[in-house]
Amino acid sequence: VNTRPAESQAPPPLRLPVYATPFSGRSAELAQIVALLSGSDCRLLTLTGPGGMGKTRLAIEAARRLFPQFPFGVYFVPLAALTTSIELINAIAEALNFRFTTASKPERQLAAYLAARKGLIVLDNMEHLLTSAPLLVNLLAQAPDLRFLVTSQERLALSGEWVFEISGLPYPGDQT
Ligand SMILES: Nc1ncnc2c1ncn2[C@@H]1O[C@H](COP(=O)(O)OP(=O)(O)O)[C@@H](O)[C@H]1O
Ligand SMILES: [Mg+2]
């Protein structure tokens with residue numbers, strides 16, 4: 001009888017939005033983002049730039065390429081409609097399919113759940129939630145294999161945050 005939990009046998013989820021149009025250009029940026037989040041130092045990378053610049057699209061494409069490195073999976077959490085820390089915690093939990101119990105603070109339960117899991121979470125449109133951003137640092141401190149790729153019009157101004165500014169070059173920028 002196999003007594004291992006089902007999770008260890010199921011393939012890791014790749015939960016990212018799919019676009020009808022192909023991704024184009026941005027090959028240099030993609031390579032840099034993938035390299036940063038593959039390395040040992042960068043665990044929280046924020047893509048910044050004005051709306052419409054291609055941050056979300058770039059984050060999703062980078063996350064797709066990083067998928068093989070994250071055995072717990074890659075998850076996308078849209079934040080545009082959220083305004084509070086508890087909504088942020090709930091949205092992350094929902095994306096992971098994690099259910100809270102009544103036992104302790106949701107943030108602590110989520111941190112405990114993520115503690116031993118190597119996952120990549122894409123947080124899209126974090127600019128509305130800058131005051132809740134320190135929560136991400138707490139999660140990272142308790143979950144050593146967790147990484148965040150964030151899109152935001154403004155940097156989060158967190159310790160340990162790496163900022164990647166998306167330039168205004170039109171995509172497809174590196175077509176030949
Ligand atoms: N590299 C790309 N290849 C194809 N379409 C892109 C690319 N970058 C952006 N787009 C398209 O341009 C629009 C705006 O991009 P988006 O990523 O939503 O910008 P932002 O998140 O910075 O507001 C979207 O429709 C998106 O699909
Ligand atoms: Mg966006």
Side-chain angles (χ1 to χ4, degrees), residues 12-39 41-70 72-98 110 114 119-140 146-176:
L14 176 62
R15 296 212 187 114
L16 293 171
V18 174
Y19 286 90
T21 55
F23 184 88
S24 68
R26 296 279 195 204
S27 55
E29 289 97 330
L30 263 180
Q32 290 176 62
I33 293 163
V34 167
L36 279 171
L37 284 167
S38 303
D41 296 334
C42 173
R43 300 182 55 216
L44 169 58
L45 179 63
T46 306
L47 309 185
T48 62
M53 198 65 81
K55 299 182 294 299
T56 299
R57 193 77 203 247
L58 187 55
I60 290 169
E61 189 61 24
R64 190 184 313 287
R65 294 181 190 211
L66 284 158
F67 178 52
Q69 298 180 41
F70 290 90
F72 176 57
V74 169
Y75 303 85
F76 182 83
V77 190
L79 306 176
L82 313 186
T83 53
T84 65
S85 297
I86 188 66
E87 286 176 337
L88 174 60
I89 290 284
N90 284 337
I92 294 173
E94 193 176 317
L96 302 175
N97 231 346
F98 173 70
L110 184 61
L114 288 167
L120 175 65
I121 299 176
V122 180
L123 299 175
D124 190 39
N125 282 110
M126 188 75 191
E127 60 274 335
H128 306 279
L129 286 165
L130 296 180
T131 54
S132 302
L135 199 151
L136 304 180
V137 178
N138 293 343
L139 286 176
L140 288 171
L146 177 67
R147 297 195 176 195
F148 288 111
L149 176 55
V150 179
T151 79
S152 176
Q153 296 194 17
E154 282 175 57
R155 59 165 299 174
L156 311 184
L158 298 172
S159 70
E161 178 189 21
W162 293 57
V163 179
F164 191 100
E165 199 176 330
I166 306 303
S167 81
L169 289 174
Y171 75 88
D174 42 356
Q175 60 190 349
T176 47

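In listed order, ligands and their atoms are each counted from 1.
Cation-pi geometry between Arg57 and Tyr19 is satisfied (NZ or CZ under 6.0 Å from the ring centre, within 45° of the ring normal).
Between Glu161 and Arg155 a salt bridge is recorded (basic side-chain N to carboxylate O distance below 4.0 Å).
Listed by number with element, the atoms of ligand 1 under 4.0 Å from a non-hydrogen atom of Gly51 are 23 (O). Residue contact check: Ser24 has heavy atoms under 4.0 Å from atoms 1 (N), 2 (C), 3 (N), 4 (C) of ligand 1. Listed by number with element, the atoms of ligand 1 under 4.0 Å from a non-hydrogen atom of Tyr19 are 27 (O).
Between Arg26 and Ile166 there is a side-chain heavy-atom pair separated by less than 4.5 Å. Inter-residue side-chain proximity for Leu58 and Phe23 is flagged as met; some heavy-atom pair is nearer than 4.5 Å. Here the side chains of Leu149 and Phe164 are not in contact, with every heavy-atom distance at 4.5 Å or above. The closest side-chain heavy-atom distance from Pro134 to Leu158 is below 4.5 Å. Contact of the Pro17 side chain with the Phe76 side chain is registered, since non-hydrogen atoms from C-beta on lie closer than 4.5 Å. At least one side-chain heavy atom of Leu130 sits less than 4.5 Å from a side-chain heavy atom of Glu154.
Applying the 6.0 Å contact sphere to CD of Gln69 captures more than 12 heavy atoms from other residues, nucleotides or ligands. Around the CD atom of Gln32, the shell of radius 6.0 Å holds more than 12 heavy atoms that belong to other residues, nucleotides or ligands.
Residue Pro22 places a heavy atom less than 4.0 Å from ligand 1. Put simply, no part of Gly25 is less than 4.0 Å from ligand 1, judged by heavy atoms.
Between Arg26 and ligand 1, not a single N/O pair is under 3.5 Å apart. Geometrically, ligand 1 and Met53 share a nitrogen or oxygen pair separated by less than 3.5 Å. Residue Thr56 places at least one N or O, backbone or side chain, under 3.5 Å from an N or O of ligand 1. Taking distance alone, with nitrogen or oxygen atoms compared against 3.5 Å, Leu58 stays at or beyond that limit from ligand 1.
Distances from atom 16 (P) of ligand 1 to the heavy atoms of Gly54, Pro50, Ala80 show the closest one on Gly54.
Less than 2.8 Å away from the Mg ion (ligand 2), the protein contributes these N/O/S atoms: Thr56 OG1.
Of all heavy-atom pairs between Leu140 and Leu146, the closest is CD2-O, 3.3 Å.
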